[in-house]
Amino acid sequence: MAVGVFDSGLGGLTVYEAVAKRLPDVAFVYYGDNAHAPYGVRDAEDIYQLTCRGVERLWAEGCDLVILACNTASAAALKRMQESWVPKNKRVLGVFVPLIEALTERQWGDNSPPREVAVKHVALFATPATVASRAFQRELAYRAIGVDVEAQPCGGVVDAIESGDEILAEALVRSHVEALKRRMPHPEAAILGCTHYPLMQKAFQEALGDNVAVYSQANLVAESLADYLTRHPEFAGPGKVSKFLTTGDPVSVSSKATQFLRHPIKFEAA
Ligand code: DGL
């Protein structure tokens with residue numbers, strides 16, 4: 001038994017790296033649905049079906065706790081999964097709640113009623129499917145009052161990062177930030193709501209300016225998971241060795257993942 005990390009493809013490795021570093025004694029099973037990536041341009045039904053299939057595969061590996069590292073799956077599928085599909089003895093958690101808890105200065109897992117918070121203007125950068133779901137605004141409204149959110153669907157950025165075209169990715173980041181600033185000239189905080197965007201954090205920060213606090217998920221998710229496992233140690237499991245599963249071709253996924261993380265990583269067929 002281990003903790004499952006689900007993603008549409010390679011981007012979730014940014015989350016895996018952070019959780020594995022924060023929790024060196026916990027074994028993880030990573031599942032990348034590379035055969036069906038990217039999710040960011042799919043519709044909600046499709047994302048729900050694919051995410052359920054991946055989570056079932058992780059359950060079969062003994063992962064009673066699964067983290068959806070993928071923001072698009074967290075946004076478009078998680079609520080429906082939790083409400084009608086996840087059995088009582090399993091847990092599936094997403095990446096938005098830790099981000100929102102950090103943004104609204106809450107303790108991890110604090111479910112008290114919504115209240116006024118310091119931040120009033122928040123920019124959200126995410127995939128088209130995540131923006132369309134409005135899940136971020138919904139989760140924020142459970143926790144904070146009076147926060148204005150302006151969301152920018154960042155078409156093209158994931159593809160540019162995956163194909164290793166940093167110059168294009170930076171140019172796209174600048175143009176998406178400009179587009180958002182036309183609608184919200186002075187955001188106080190910006191959420192990088194996609195697994196891939198931490199790799200572009202410097203470009204986002206430069207385009208937004210130094211006075212904008214940029215929130216990126218990997219370390220926040222790691223801290224929140226560490227806290228969750230302290231409160232629910234039964235979900236950590238006795239496993240010792242992490243493994244990496246893909247629905248794509250393990251050889252080419254391993255080579256892309258090695259490039260992506262800049263150290264060797266070996267995937268096997270899911
Ligand atoms: N993992 C997705 C996310 O965090 C980005 C890649 C995709 O579109 O599948 O939203």
Side-chain angles (χ1 to χ4, degrees), residues 3-23 26 28-33 37-40 44 47-48 50-52 54-55 58 63 65-82 86 91-104 106 108-111 122-143 149 151 153-154 157-158 161 189-201 204 214-229 235:
V3 174
V5 178
F6 169 91
D7 188 50
S8 56
L10 293 180
L13 290 171
T14 55
V15 174
Y16 163 76
E17 290 264 281
V19 293
K21 189 165 170 220
R22 177 67 182 78
L23 296 159
V26 175
F28 293 91
V29 181
Y30 184 92
Y31 175 100
D33 192 8
Y39 280 13
I47 296 165
Y48 175 79
L50 291 169
T51 305
C52 289
V55 169
L58 286 166
C63 303
L65 168 62
V66 175
I67 309 297
L68 299 186
C70 178
N71 292 257
T72 305
S74 299
L78 181 59
K79 188 164 186 282
R80 183 171 161 198
M81 291 166 79
Q82 286 174 333
V86 179
R91 298 287 180 280
V92 181
L93 304 175
V95 283
F96 277 132
V97 170
L99 269 175
I100 292 171
E101 287 175 341
L103 181 73
T104 57
R106 279 182 177 242
W108 306 123
D110 170 1
N111 285 326
V122 175
L124 168 68
F125 298 94
T127 65
T130 296
V131 170
S133 75
R134 296 189 61 81
F136 181 83
Q137 289 90 328
R138 184 191 68 224
E139 291 298 328
L140 182 63
Y142 290 142
R143 294 167 179 83
V149 177
C154 297
V157 177
V158 164
I161 294 171
I191 302 289
L192 304 189
C194 172
T195 44
H196 291 57
Y197 302 171
L199 299 170
M200 288 287 120
Q201 182 147 350
F204 274 104
V214 175
Y215 288 77
S216 159
Q217 62 193 6
N219 291 333
L220 295 173
V221 171
E223 282 310 319
S224 161
L225 176 62
D227 177 75
Y228 187 87
L229 290 176
F235 284 108

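Note that the structure is predicted; figures quoted are calculated from it, not measured.
By the 4.5 Å heavy-atom criterion applied to side chains, D7 and V15 are not counted as neighbours. The shortest side-chain heavy-atom distance between R143 and E139 falls under the 4.5 Å cut-off. Contact check for V55 versus V86: no side-chain heavy atoms found under the 4.5 Å cut-off. Under the 4.5 Å side-chain criterion, counting only non-hydrogen atoms from C-beta, T195 is not in contact with V95. Contact of the V19 side chain with the V3 side chain is not registered, since no non-hydrogen atoms from C-beta on lie closer than 4.5 Å.
Closest approach of G94 to S74, counting heavy atoms only: CA-OG, 3.6 Å. Here the closest heavy-atom approach between residue G109 and residue E101 is recorded as N-OE2, 2.9 Å. Closest non-hydrogen pair, P128 versus P153, comes out as CA-CB, 3.9 Å. Shown here for S224 and P98, the closest heavy-atom pair between the two residues is OG-CG, 3.6 Å. The shortest non-hydrogen separation linking P198 to C194 is CD-O, 3.4 Å. Considering all non-hydrogen atoms of both residues, A151 and V131 come closest at CB-CG1, 3.8 Å.
The side-chain contact (heavy atoms from CB on, under 4.5 Å) search around R134 returns Q137, not counting sequence neighbours. Partners of K21 under the salt bridge (Lys or Arg N to Asp or Glu O under 4.0 Å) rule, at least two apart in sequence or in another chain, do not exist in this structure. Residues passing the salt bridge (Lys or Arg N to Asp or Glu O under 4.0 Å) test with R91: none are found, sequence neighbours excluded. Annotation: side chain to side chain donor-acceptor pair (under 3.5 Å) contacts of R22 (sequence neighbours excluded): E223. Listed by chain and number, the residues in a side chain to side chain donor-acceptor pair (under 3.5 Å) with T14 amount to none (sequence neighbours excluded). Partners of F204 by ring-ring contact (aromatic ring centres under 6.0 Å, His included), not counting sequence neighbours, listed by chain and number: F125, Y197. Contacts of L78 classified as side-chain contact (heavy atoms from CB on, under 4.5 Å), with partners at least two apart in sequence or in another chain: L68, Q82, V92. Contacts of L220 classified as side-chain contact (heavy atoms from CB on, under 4.5 Å), with partners at least two apart in sequence or in another chain: L99, A102, W108, Y215. Judged as a side chain to side chain donor-acceptor pair (under 3.5 Å), and not counting sequence neighbours, T104 has no contacts. Looking at residues two or more places apart in sequence or on another chain, you find a side chain to side chain donor-acceptor pair (under 3.5 Å) between T127 and T72, T130. Scanning for side-chain contact (heavy atoms from CB on, under 4.5 Å) contacts around D110 gives R106, Q107, S112, R115, with sequence neighbours left out. Under the ring-ring contact (aromatic ring centres under 6.0 Å, His included) criterion, Y228 pairs with H232, sequence neighbours left out.
Note: L103 CG to F136 CZ = 5.5 Å, rounded to the nearest 0.5 Å. Taking CG from L225 and CG from L23, the interatomic distance works out to 5.5 Å, rounded to the nearest 0.5 Å. For the atom pair CG (N71) and CZ (F96), the distance works out to 4.5 Å, reported to the nearest 0.5 Å. Of the inter-residue distances, the one linking L58 atom CG with Y30 atom OH reads 10.5 Å to the nearest 0.5 angstrom. Considering CD1 of I47 and SG of C70, their distance stands at 7.5 Å, rounded to 0.5 Å. Interatomic distance, I191 CD1 to Q217 CD, rounded to the nearest 0.5 Å: 10.0 Å.
Looking at D33 and Y39, their side chains do bring a donor and an acceptor atom within 3.5 Å of each other.
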Q: Please assess V214 against Q201 for the test side-chain contact (heavy atoms from CB on, under 4.5 Å), listing each intermediate value before the final yes or no.
A: CA-CA 8 Å; V214 175; Q201 182 147 350; 4.0 Å; yes

